[in-house]
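First comes the structure, then the notes that go with it.
Reminder, nothing fancy here: chain letters follow the sequence lines and each chain counts from 1. If you're wondering where the values come from, they're calculated on a predicted model, not measured in any experiment.
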Protein chains: 2
Amino acid sequence: MILKAIVRDYTSSGVPVGSKALAAQLPMHVSSATVRNEMAALEELGLIAKTHSSSGRIPSVKGYRYYVDHLVQPDPIKANDIDIIKSSLEGQFLKIDEIIETSAKILSNLTSYTAFSLKPEHKQSRLSGFRLVPLGKRQVMAVLVTDNGDVESQTFNITPKITGDQLEAVVRLINDQLIGKPLDEVLDALKSEIPMQITNYLQQPEGFLKVFGDVLTQAAQERFYVGGRLNLLSFSDSNDVDELKSLYTLMDHSDDMADVLGQPSDHIQVKIGSEMTNDILKDYSLITATYEAGDHGKGVIALLGPTRMPYSRMIGLVGAFRQELAQRLIDYYRYFDQ
Amino acid sequence: MILKAIVRDYTSSGVPVGSKALAAQLPMHVSSATVRNEMAALEELGLIAKTHSSSGRIPSVKGYRYYVDHLVQPDPIKANDIDIIKSSLEGQFLKIDEIIETSAKILSNLTSYTAFSLKPEHKQSRLSGFRLVPLGKRQVMAVLVTDNGDVESQTFNITPKITGDQLEAVVRLINDQLIGKPLDEVLDALKSEIPMQITNYLQQPEGFLKVFGDVLTQAAQERFYVGGRLNLLSFSDSNDVDELKSLYTLMDHSDDMADVLGQPSDHIQVKIGSEMTNDILKDYSLITATYEAGDHGKGVIALLGPTRMPYSRMIGLVGAFRQELAQRLIDYYRYFDQ
DNA sequence: TTTTAGCACTCAAACAGTTCAAGTGCTAAG
DNA sequence: CTTAGCACTTGAACTGTTTGAGTGCTAAAA
C-alpha cells in the first residue's frame, strides 16, 4: 500500500515523498513514525531509495517493476479520449501506412510523450505484382505491390538503348516467376537465379537489378512511424544536448528501435529505465503493446516517456488504443479484401 | 577597425569584449583608454552595446549590419571543405530532389548550423505526362511527370465498377488537353473545364479529381529540405523548450519558411536577428543565397545560425557552396536533357 | 509485539554578505 | 588627440546562515 502510494505520488508530483505527507494520505490512520518504519523496510528490500540522507523516498527501478507487475490497475479510459481516438482513426485513408502513422500521432498527442507505431508484420507479405512504367525518354518508374496492399515505387534513369519490349519482357519474367512468393524469398531469388535469366533480355542488367532490389528492400523493411518527437524536449529532464541528439538519432534508425522494442508479446509490456537494452534510455520507460489486425498479422504500438510516468493512466490508454486500432484495421482489410 | 575587431572577437569567443583585450589586439599601438573613447563613440552611434553598466561591449543588430555590409571579407574556403562538397555532390543520383536534399545536409554538416535548400523554382514547370497505373482489383496509382523531370505519385482506391477503358479515356483527355501547360494553369483547368468534360467518361468524377488535384499540388509545391535540424539544439542558447518547439514547427511549414527566406536576390543576403520577419528568430541570423541551374531557373540555399556567428567564414562557405551546386545541377540537366 | 511521541540530526534550497576580476567613465596631464 | 590614473560598477564565485522537510532512534504507550 505504501509502495503504491509512493509511486502514485512521486509520478504525479516529481518530488520525493516523505513520511508525514504519506501518512496523511493513506486510507487508514497511522502515524508518520509507523510509515517511516515501513519505508525503512521497503528500502531494505530495494524497492525505494533516497536522493540524499534526509530526503523523502522515490521508487527504484525495482520498485516500479513491482508496482507495474503487482499493484497497478490500468485507469479506465476517459470517454473523451476514446472519442478523440475514434474520430482521428476514421476517415477515408488512402493507405494503411497513413492509419499507422496517424496512430503514432494520436498516441503522442494524448500523452504528451513520444509514440511509435509499426505496421502489421510484413516479412510474411508476398509479391503480388511488379510494373515498370515508362515516364519519358529516359525515366522509368518501378512499382511493386504486395498482397496486403503496400505499394513501393522509385524512379530511375535508363540508357535510351533499352526498348519498351525489353522492359516488358523483364517485367513478365519477374511476375511469372515470383508472384505469390514472400518478399524474402524474392530477395533471395534476386541474388541467385534471376540475374542469369535476365541476361536473355538485357545485356547489362546491373542497374535494373539494383533498382528492383531497392524497391524490394524498401517494401520488406519494417517501416515504423514516430509521433510527437518534439515532446521529448519537454518530458526529458536531461540538459545534455548530446544525449538528446543521440536519442533522436536512435529514433531515426528503425533497426535500432526494433531492438529497443524487443519481442512482441500478447499483453502490454512495460520496460523501465535500466531494464532497457539501450543505455541512452536509462531515464525513460517504454510501454509496448501488440495489436492484431485480424489474420493480417500483428503490429506494435509503443510509448516512450520518463521513468517517472503515471503508469496507470498510460497503460490504460495504450490498452484502449490498441483495441481501437485493431478494430479500425479489421474494418480496413474487410473493405480492401472485399 | 574597432567595430570589426569587436565582431570578430565576440563571434568567436561569445564573451563581451573589453577595452584592454581589444587594445592589445589591434594592429597599431593604442592604449585601452583610447579604445574606450572610441567605443563610447560607437555606442553613441548604436553599433555596439553593453550587457550591463560595467561590461565589455557586444555588437548590436545595427553593428552586425554595418559589419556585414561594409567590413566583412568572406573567408577563402578551405581546400578540404571544397573536397567534401564536391565528393558529396557527385555520384549517380536518381532524382534532382536528392541532390537538393543532400545539399542541405552537407551545408549543415560543414557549419554545424541548420541549412535549408529549395529546388530551382518550379512554378514554371509544365505538365509533361499523366498516367494511371492499375495495381490490383481496386488500387490505382496516379503518376504525374513534369518537364524538368519531377515525378509525383499517389495510390488510391476506386470502386470496381470503373473499367480500364474508362481510366484510359480519362488519361487521354487530360494528356491531350493539358500537356505542355504550366502547372498552375493545369490546376485552374482542373477547377473549370475538366470536370465538365470528364463526366462523359465517369459518372462520379469527384474522387478522381481529388487525387489528380492532390498529385498536382504536391508537384507544384515549393518543396524544400532541411538539414541539421538537430544542430539547432546545440547552437541555440535558449533554454525555453516551447521556443525550440515553435522553431521546429516553423521549419516544418514550407510556406512560413518561404516568408522567412524572403525574396531571392542575386548576391548573398544576410538577415540579422530582429531584421527577420518572424519574431521567433530574433536571436538567429540567416544567410541566403540563390544558385542558378542554367536555364532551369533559380533555387535557394540558406543557413540558419546564432546571431553571434562567424559571418566571414559562413558567407565564404555559402558562396562557395552555391557555385558548386550550380555547377552540379548544370551537369545534371545536361545529362537529363540530352 | 506493534504503534507512537519526541528528539537529535541531516541536507538542500534560499538568502545575504564578501571578495575578486574585469570592465567602465572621467579628469587632468602629456 | 592620447594617455595614465583613479573611483566606481557589476556579475560571478564563494562563504556562512537560516529554514523546513525530512530522517533514524529511543523509550513509552497500546
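Residues that satisfy the side chain to side chain donor-acceptor pair (under 3.5 Å) test with B:Thr290, not counting sequence neighbours, are absent from this structure. Shown here are the side chain to side chain donor-acceptor pair (under 3.5 Å) partners of B:Ser31, two or more places apart in sequence or in another chain: B:Thr34.
The CG-P distance, from A:Asn37 to D:dT23, rounds to 11 Å in whole Å. Look at CE on B:Met28: it is 13 Å from C1' on D:dT2, rounded to the nearest Å. Rounded to whole Å, atom C1' of D:dA30 lies 13 Å from atom NE2 of A:His29.
Near-neighbour residues of DNA chain C inside residues 40-48 of chain B, defined by a heavy atom below 4.0 Å, are absent.
In terms of modelled atom types and a separation under 3.5 Å, the side chain of B:Thr307 and the main chain of B:Asp283 share a donor-acceptor contact. Looking only at distances, no side-chain donor or acceptor of B:Ser60 sits under 3.5 Å from a matching main-chain atom of B:Ala49. Between the B:Lys271 side chain and the B:Val260 main chain, a donor and an acceptor come within less than 3.5 Å of each other.
For the pair B:Arg36 and D:dT3, the criterion of a side-chain N or O lying under 4.0 Å from OP1 or OP2 is not met.
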Let me have a per-nucleotide readout for nucleotides 8-21 of chain D, 5' to 3', with B, S or -, counting only protein heavy atoms under 4.0 Å. -BBS----------
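Surrounding CG of A:Asn239 are at most 12 heavy atoms belonging to other residues, nucleotides or ligands under 6.0 Å away. Shown here is B:Lys20, whose NZ atom has no more than 12 heavy atoms of other residues, nucleotides or ligands within 6.0 Å. Around NZ of A:Lys245, the count of heavy atoms belonging to other residues, nucleotides or ligands within 6.0 Å exceeds 12.
Screening residues 45-71 of chain A for ring-ring contact (aromatic ring centres under 6.0 Å, His included), with sequence neighbours left out, gives A:Tyr64-A:Tyr311, A:Tyr66-A:His70.
Taking each heavy atom of A:Ser285 and A:Met309 in turn, the nearest pair found is O-CE, 3.6 Å.
The shortest distance between side-chain heavy atoms of A:Ser103 and A:Tyr225 does not fall below 4.5 Å.
Using a 4.0 Å cutoff to heavy atoms of chain A, the contacted part of DNA chain C runs 5' to 3' from C:dT3 to C:dA12.
Across all strands, B:Lys50 comes closer than 4.0 Å only to sugar-phosphate atoms, never to a base (heavy-atom distances).
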